[in-house]
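Letters A, B, ... mirror the listed sequences (proteins, then strands); counts begin at 1. As the structure is a computational prediction, the values presented were derived from the model and not from experiment.
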2 protein chains.
Amino acid sequence: MPIIQRPRGTRDFGPEEMGKRRYIEGVLRTTAETFGYREIATPTFEHAELYTERSGEAIKNEMYMFKDKGGRELSLRPELTMPTIRFYAEELRNKSKPIKVYYFGNCFRYERPQSGRFREFWQYGAEVIGGGEHESDADIIALAVNSLENAGLKKFVTRIGHLGVLRALLWEIGIEGEKQSKCMQLIDKKDTEELFTILNAHSPSNLGIDRIRELLELKESKTVLKEARKIVAGNRKALKAIESLDKILTTLGLLGIENFIIDLGIARGLDYYTGMVFEIDVPTLGAEKQVCGGGAYELAELFGAESTNSTGFAIGFDRVVMALERQKAEIPTNRITAYVIPLDGKARNEAMKIATALRKSGISCSTALLERNLSKHMKHANAICAEYVIILGEDEIAEKKASVKNMETGEQVKVDFEKLLNHFNSTEKD
Amino acid sequence: MPIIQRPRGTRDFGPEEMGKRRYIEGVLRTTAETFGYREIATPTFEHAELYTERSGEAIKNEMYMFKDKGGRELSLRPELTMPTIRFYAEELRNKSKPIKVYYFGNCFRYERPQSGRFREFWQYGAEVIGGGEHESDADIIALAVNSLENAGLKKFVTRIGHLGVLRALLWEIGIEGEKQSKCMQLIDKKDTEELFTILNAHSPSNLGIDRIRELLELKESKTVLKEARKIVAGNRKALKAIESLDKILTTLGLLGIENFIIDLGIARGLDYYTGMVFEIDVPTLGAEKQVCGGGAYELAELFGAESTNSTGFAIGFDRVVMALERQKAEIPTNRITAYVIPLDGKARNEAMKIATALRKSGISCSTALLERNLSKHMKHANAICAEYVIILGEDEIAEKKASVKNMETGEQVKVDFEKLLNHFNSTEKD
């Protein structure tokens, strides 16, 4: 039989890696809870229409799809905002608003495996549904930034913009509907050449096109709103969008977030964003530098729920892990406190009893499950990252004292069997 | 557009339910770590052969399968032992043995949705690879039992057996290979009528068949091994299996597990089990009473790795949650500490600052994201299970004191803005 391997583009995670990932996940999760967000979870697969109806057939090429026995098309979820809104419309809509939820889950995209892109990847994200516009947008950005900071990420860049400005300028020159979507996608890809080819072919208004060019050329900075107001002068919708962004940023300041850049050229790839948009990059990650994307959107109506303010973000968990590894962040891994080594059959019984007592008081330990000599046992203790070994030989059993060795310092002491628990409890507290 | 709903047989989990699930998950996870097991994770889908090659084509009917673009058949994982062993053979085999790992992950089975059975469900399990037989088997059973006990489960029944006894008796009357598998499956389903029809049709030895009957009729009890030895007298393999089970149970006693039943009629559905087998039931769950199954098995060779002792278990997480709910176990849910309510625009800025300060010191809080009157705010605070509300009105801003109300007792006190942090820090420690 041929040997079966793991599917291409997927990963197995060993104990060291899982320890790190769970630690980082825990920090993100705790941050969301500290902000008053509560966790939800949705199924790993959804009806494929959930994505194809809104995002178009193109997404099909990147989705893992299969049919159930009733012939309905299902898809492994490529992202978690659509399922969250579906869940909201199906059940959560009757709960007291605003609804503040977060999720941590795996998503799937069929794409060429490459650095920072996997076919199965994890997303951590949050959504506020039914809150005031400025307050909710600021809360969401603050949560995203605090999550990354708490995880220990250094040197990331937060760019915040508002789709309303560009959209208003496109409307001004008569570009709307699908053509507007197309233009927004080109802006998202920074493909200005193709963008201006379309704009020039379409519009008689050089003035309008120049305004778009000027806006896109604005340097990302904190004073950008002043300049932007000049550029869009007279366009009421654009000015309103700038006002709105200004309010969000003021609230963000009250929430302690000062370190961001205003970027009115953010367009986001997806159609459903309507207002504030933001992205967070880690420049050291190169082509895969974006670790977070989010913004305000309108989706509830799609599912038959009332239109309501919604805003959210998704953070690419795998990229955050990668960025932390590149910056050599110290990520604590969970270690086993003690490895108990009986050197003969008599000691074996004592080893089991000691392990049981330690475990009962929450001290993690392993007993030797194989008979071998002390030096091999010590090697194993090192391999499993035990902090201490408890050695039980003939002498130890006779004296009712265990030899306890600190694997880091090499220090070895004898401890009465009865005092072992205290010994580790006081050590744990150091 | 028709409204899209969640796929049949799957579930969404809201904040309350997720809080409970994460709590129970945390207890299971901590128990495994206390026993020195370390977490691993494998992909959500595998090459379908991983399951079909070993478990036969029949399993295909219950698997969610789909093809990748290279035409290879993939399957959502129906269980997690096979992926763990694949991972072991691909990567972990070179690590220091024994390897003690645990997992917590979702699995998928296409079956009629019914109480206690879902198309997406969660499994918590552990495996020991490459340890001594008796020690490893005892360690695994002790971990399973301790996990359920720590989760707060009452009234569960642990049954432990050894496949070697029945298999030896079947060999004795010449039943082997596929016919033996068939018989083991009938024993697993407790279909003794069909079993004895096959045995009688096959064998000339009434004595041998009587021995099997006697063995299956043995009452489950602690003294069963003595009686079993009499029944299988003269069959060396069967006696050896009983000896082996006896040793495992002795070790289990040293690990503090005394509350179990010996059941030599456990057969397990799958072919790959070889020695000790065990099951844990929660009788109150009725038809879906089995919450845990496990035992010793041989799989590494399948993946080109050396033959090695392996043993493990899987616990049906959803059934454990259900059992805990039925027994009305108190499961702590994570509550938000404070909901900050500004009663006017001036207070709003202060609310944001207070929330930011509280969050920085790890106190969870939400700020009001909507303007409304106090009574509606209080309703919302109740709905999101806030322990306290912090009210900021005109007076509070003027006095620089917040009104802090305990939502459970109704007690309300005024606290200096500067002392708020201390107020909650000391409350948290109570």
Between [X] and [Y], which heavy-atom pair has the shortest distance, and what is it?
X: B:L370; Y: A:G131; answer: CD2-C, 3.6 Å
X: B:P7; Y: A:H47; answer: CA-NE2, 3.6 Å
X: A:Q5; Y: B:R86; answer: C-CD, 3.7 Å
X: B:F13; Y: A:F87; answer: O-CE2, 3.5 Å

Counting only heavy atoms closer than 4.5 Å, note whether [X] contacts chain A via side chain, backbone, both or neither.
X: B:N349; result: both
X: B:L76; result: side chain
X: B:F108; result: side chain
X: B:E90; result: side chain

From [X] [atom1] over to [Y] [atom2], what is the distance, rounded to the nearest 0.5 angstrom?
X: A:L369; Y: B:D137; atom1: CG; atom2: CG; answer: 10.0 Å
X: A:D139; Y: B:S366; atom1: CG; atom2: OG; answer: 7.0 Å
X: A:E91; Y: B:R6; atom1: CD; atom2: CZ; answer: 4.5 Å
X: A:M18; Y: B:Y103; atom1: CE; atom2: OH; answer: 13.5 Å
X: B:T44; Y: A:R119; atom1: OG1; atom2: CZ; answer: 14.5 Å

Open item on the list: Within the structure provided, determine whether A:R359 and B:F35 are in side-chain contact (heavy-atom separation under 4.5 Å).
Closed with: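 Side chain of A:R359 against side chain of B:F35, heavy atoms only: contact under 4.5 Å found.
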- [ ] Side-chain contact test, heavy atoms from C-beta onward, threshold under 4.5 Å: evaluate it for B:I4 versus A:E46 and give yes or no.
- [x]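 The answer is no; the side chains never approach within 4.5 Å.
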If you count heavy-atom pairs under 4.5 Å between each of [options] and chain A, which one has the most?
options: B:I384, B:T356, B:T34, B:L92; result: B:T34
options: B:K95, B:K353, B:K100; result: B:K100
options: B:M352, B:E17, B:E350, B:K376; result: B:M352
options: B:P98, B:G304, B:A368; result: B:P98
options: B:M65, B:R21, B:R29; result: B:R29
options: B:A383, B:A138, B:G14, B:P83; result: B:G14

Task: Intermediate values then yes/no, salt bridge (Lys or Arg N to Asp or Glu O under 4.0 Å), B:E33 and A:R22 - done: CA-CA 13 Å; B:E33 282 171 11; A:R22 287 289 188 191; over 6 Å; no
Open item on the list: Tell me whether the rings of B:F45 and A:Y64 are parallel (<30°), tilted (30 to 60°) or perpendicular (>60°).
Closed with: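 Plane angle between 30° and 60°, so tilted.
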Of the listed residues ([options]), which shares the most heavy-atom pairs with chain B below a 4.5 Å separation?
options: A:L254, A:T10, A:V101; result: A:L254
options: A:T30, A:L74, A:D68; result: A:D68
options: A:K379, A:K97, A:E371; result: A:K97
options: A:G70, A:A142, A:G36, A:A41; result: A:A41
options: A:E133, A:R38, A:K360; result: A:R38
options: A:I336, A:T31, A:N150; result: A:I336

TODO: Carefully, step by step, assess A:R8 and B:R72 under the rule side chain to side chain contact (heavy atoms under 4.5 Å, CB included).
DONE: CA-CA 11 Å; A:R8 195 154 176 253; B:R72 285 201 76 164; over 6 Å; no
